[in-house]
Amino acid sequence: GAEAAITPQMSRDEVEKLASPKLAAAQSARLAVNFNGQVRLWFVLQYVLEGDAVRRLALVVIDDQTKKIVKAETGS
């Protein structure tokens, strides 16, 4: 039903801005930003492609309701 679709409070731009201090300064890095409505968390994954491999640079998890970073990891 309509209740199943949970709309996030934060925008993707807000999430990226909040996560940016925790991200690596890598020009070739890519960013994947996803919202999980069931747990109301945003996941910001920063990574680089190295040949056929993906190397994670950072993972930042943000609570959509409190707008706070709940987890930040750097490196793979």
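Computed from heavy atoms alone, side chains included, the values below leave out hydrogens, waters and symmetry copies.
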Which heavy atom of Arg40 sits nearest to which heavy atom of Pro8, and what is that distance? NH2-CA, 4.2 Å
Quick check on the hydrophobic clustering: are Met10 and Val44 connected, directly or via other members, by side-chain heavy-atom contacts under 4.5 Å? yes
Could you check whether any side-chain N or O of Asp64 sits under 3.5 Å from a backbone N or O of Gln9, counting only pairs where one atom can act as donor and the other as acceptor? yes
Spacing of CH2 belonging to Trp42 relative to OG belonging to Ser11, to within rounding of 0.5 Å: 7.0 Å
Taking side-chain contact (heavy atoms from CB on, under 4.5 Å) as the criterion, tell me which of Val54, Val48, Asp52 meets it with Glu50. Val48
Gln46 side chain to Leu59 main-chain N or O, any donor-acceptor pair under 3.5 Å? no
Let me check something: do Val15 and Phe35 share a hydrophobic cluster, defined by ILVMFWY side-chain heavy atoms less than 4.5 Å apart, either directly or through other members? yes
Scanning both residues in full, the closest heavy-atom pair of Leu41 with Asp63 reads CD2-CA, 3.7 Å
Can you get from Phe43 to Leu57 by hopping between Ile, Leu, Val, Met, Phe, Trp and Tyr side chains that sit under 4.5 Å apart? no
Drop me the distance from Leu31's CG to Glu16's CD, to the nearest 0.5 angstrom. 5.0 Å
Salt bridge present between Glu73 and Arg56 (N-O < 4.0 angstrom): yes
Flag yes if more than 12 heavy atoms outside Lys17 fall under 6.0 Å of its NZ atom; otherwise flag no. no
Do the side chains of Val39 and Val70 join up, straight or via other hydrophobic residues, at under 4.5 Å, putting them in one cluster? yes
Going only through I, L, V, M, F, W and Y residues with side-chain contacts under 4.5 Å, is there a path from Leu23 to Ile69? yes
CZ on Arg55 to CG on Leu49, rounded to 0.5 Å: 11.0 Å
